[in-house]
Amino acid sequence: MRILAIETSCDETAAAVIENGRRILSNVVATQIELHERFGGVFPEVASRQHVLAIRPVIEQALEQAGISAMGALDALAVTNGPGLAGSLLVGVNTAKGISFTSGLPLLAVNHLEGHIYSNWLAEGTAAQPITGEPLDPDRFPILVLIVSGGHTELALMTGHSRYQQLGSTLDDAAGEAFDKVARLLELGYPGGPAIQRAAGQGDPTRYALPRPLLHNRDHRFNFSFSGLKTAALNLTRGLTEGDEPITEQMKADVAAAFQAAAVEVLVEKTADAAQAFSAQQVCICGGVSANAALRQAAATRMAQLDLPLHVPPPFLCTDNAAMIGAAAYYRSRAFPHSEAELDLDVFANLPLVELQAAA
Amino acid sequence: MLLAIDTATTTASLALYDLEAHRLLAEWTWEARRRQTQDLLGAAKMLLAQSDRRPADLTALAVTTGPGSFTGVRIAISTVKGMAIGLIPEPAVIGIPTLRVTAEPWLRAAAAADTMLCACIRAGRGRYNWLGFAGRNARLRPDAAAHQAGTAPQFAAYLAEQPERAVWLTGEVDEALHAAVRPLENVTVLPGAGDWRRAGYLAGLAAQAIAADDVDSAAELQPLYLRTPG
């Protein structure tokens with residue numbers, strides 16, 4: 001089954017062709033990072049405008065790279081319809097509906113968070129984007145999932161394909177949002193995740209002590225909070241120098257390292273706790289922050305101690321992409337054979353993962 | 001077979017036009033509010049079915065490019081870009097500015113009467129976008145610089161600055177704008193102009209463009225923005 005997938009939920013215009021949910025035939029992403037850099041974050045109207053410009057070339061490139069010369073060579077279309085920026089989602093959804101309308105191909109609507117989860121199911125990449133490592137067992141449940149990105153930080157238990165039980169989420173900022181904000185206060189640049197990682201590589205994570213929010217809070221065992229950690233990093237930074245004296249590059253690196261260590265420890269320990277509590281057979285980490293090398297290393301070490309198979313997608317599948325949307329659509333169509341979207345499909349800026357089971 | 005789509009404002013309109021017979025087959029205009037994404041293709045399906053046509057019969061697609069609601073304009077343009085991908089052979093795609101379509105029903109009569117025609121839409125927050133047309137040869141795609149934007153008093157001041165000729169005003173003339181232009185003796189608000197813009201006129205303009213081989217690139221088609229964000 002070949003699916004053309006489209007993803008425009010935030011600031012990446014992406015299209016991909018996926019075969020049987022596991023093999024990437026093409027995966028094209030047009031990033032808008034440079035456009036949003038001057039705003040220090042994603043500017044929704046700028047993102048929407050760029051999606052309109054990029055959507056057609058990106059889809060054409062994805063079809064060409066996959067060797068698809070006619071829509072008849074495809075079996076279905078898939079598109080992200082939430083959560084995300086409504087103006088951005090509208091471009092992808094209406095383009096996908098337009099293709100479906102004239103080509104007659106069935107359209108599958110995919111939750112962006114479910115897409116991130118299924119980035120772990122992609123087992124075969126392309127020559128330019130290979131996927132290595134032990135593939136995930138596609139049908140071995142339950143699976144403990146940590147979704148960690150700029151907009152989301154959630155722990156969920158996956159009991160079957162497209163079946164989720166939400167265990168916890170952030171009470172305030174998403175982890176990636178905290179990385180962006182701390183990077184901004186340290187003037188490290190945008191996007192914050194890679195900037196923090198780069199700076200932390202030159203720093204000492206033990207030089208400054210930062211809190212591990214909610215780590216041992218039994219009332220919020222599987223919830224997160226990163227707003228306080230961000231504020232602690234802000235107060236620490238302000239107290240490092242006197243008057244108008246700027247902080248040194250080494251101080252910045254040490255603060256970045258301390259912040260990264262605190263965030264990673266909370267993410268990994270809560271994931272490990274949940275995996276044990278729910279007898280997970282496998283653990284998956286996904287989303288933009290899962291590209292962070294310190295998180296990947298710490299998670300690998302911790303899950304190895306628990307003898308739990310850990311799956312984290314290669315970095316090119318951690319950030320927003322359409323390949324993951326195609327994978328999710330495939331497994332969703334298998335689990336729920338009559339789940340095609342109608343012509344009145346709309347977008348939802350807020351679309352909780354837990355609603356999928358009830359809606360299917 | 002040409003399908004014309006207009007969701008640039010809260011009014012949505014679709015038209016089906018036979019390019020070989022040069023005639024309008026069907027037109028549907030409705031108050032879409034904010035349901036353009038939900039309603040557009042269902043309405044298009046019904047319009048085609050009423051004329052015993054299928055989506056695969058479409059050889060051309062026309063769309064209003066704005067000004068208007070950013071969201072509404074992008075819904076129609078994104079839909080058209082997608083529809084073009086799904087059609088074999090690739091259809092002709094034509095984008096026409098919203099106010100050019102608004103003006104179309106009155107342009108010939110205005111030119112014959114040696115009268116300036118001004119088309120307008122509400123732009124939200126008490127503001128309007130407008131475009132003045134003088135003479136018979138109105139451009140098919142007026143650019144952003146040709147458009148004006150402002151409040152009702154600013155719009156009225158613009159109209160008052162055209163003293164050498166009469167002005168016909170058409171489009172989304174609401175009560176506030178009516179009140180602002182009422183003292184202007186040179187301005188006539190066209191009767192029955194109302195809020196509705198009809199895609200049949202968009203289809204007619206697109207047919208002219210196709211006849212002149214003046215079509216757009218589906219890849220490069222984008223909304224007509226009157227201002228930059230940020």
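We name chains A, B, ... by the order of the sequence lines, and we start the count at 1 in each one.
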Please flag which part of Ala76(B) lies under 4.5 Å from any non-hydrogen atom of chain A: side chain, backbone, both or neither. neither
Any side-chain heavy atom of Pro229(B) within less than 4.5 Å of one from Phe43(A)? yes
Atom CZ of Arg23(B) with >12 non-hydrogen neighbours under 6.0 angstrom: no
Which atoms of Ser48(A) come close to chain B, meaning under 4.5 Å heavy atom to heavy atom: side chain ones, backbone ones, both, or neither? both
For residues Val52(A) and Ser78(B), report the shortest heavy-atom separation together with the two atoms involved. CG2-OG, 4.5 Å
Nearest-0.5 Å distance that lies between atom CG in Leu345(A) and atom CD in Gln38(B): 9.0 Å
Tell me which of these, Val80(B), Thr79(B), Ile77(B), has more heavy-atom pairs under 4.5 Å with chain A than the rest. Thr79(B)
Find the one option among Asp57(B), Leu41(B), Thr228(B) whose heavy-atom pairs under 4.5 Å with chain A are most numerous. Leu41(B)
Asn350(A) CG: over 12 foreign heavy atoms closer than 6.0 Å: no
Start with the C-alpha gap between Arg56(A) and Glu90(B), add the side-chain angles, then the distance that decides, and say whether salt bridge (Lys or Arg N to Asp or Glu O under 4.0 Å) holds. CA-CA 13 Å; Arg56(A) 166 87 184 215; Glu90(B) 177 94 13; 2.8 Å; yes
Tell me which of these, Val91(A), Thr102(A), Asp344(A), has more heavy-atom pairs under 4.5 Å with chain B than the rest. Thr102(A)
Just wondering, do Glu220(B) and Leu53(A) contact through their side chains at under 4.5 Å, heavy atoms? no
Quick one: are Thr37(B) and Asn94(A) in side-chain contact, heavy atoms under 4.5 Å? yes
Please look at Leu87(B) and chain A and tell me whether the side chain, the backbone, both or neither of the residue comes under 4.5 angstrom of a heavy atom of that chain. both
Proximal to chain A - members of residues 45-55 of chain B, heavy-atom separation under 4.5 Å: Lys45(B), Leu48(B), Pro55(B)
Cationic N near anionic O, under 4.0 Å, Arg74(B) to Glu45(A): yes
Which distance, rounded to the nearest 0.5 Å, do you find between the CD1 of Ile88(B) and the OG of Ser69(A)? 8.5 Å
Side chain to side chain contact (heavy atoms under 4.5 Å, CB included) between Leu90(A) and Thr71(B), worked out: CA-CA 8 Å; Leu90(A) 278 170; Thr71(B) 298; 3.2 Å; yes
Chain B heavy atoms under 4.5 Å from Leu105(A): which part of the residue, side chain, backbone, both or neither? neither
Leu221(B), part contacting chain A, at a heavy-atom distance under 4.5 Å: backbone
Keeping the roles fixed (side chain from Ser103(A), backbone from Gly86(B)), state whether a donor-acceptor pair exists under 3.5 Å. no
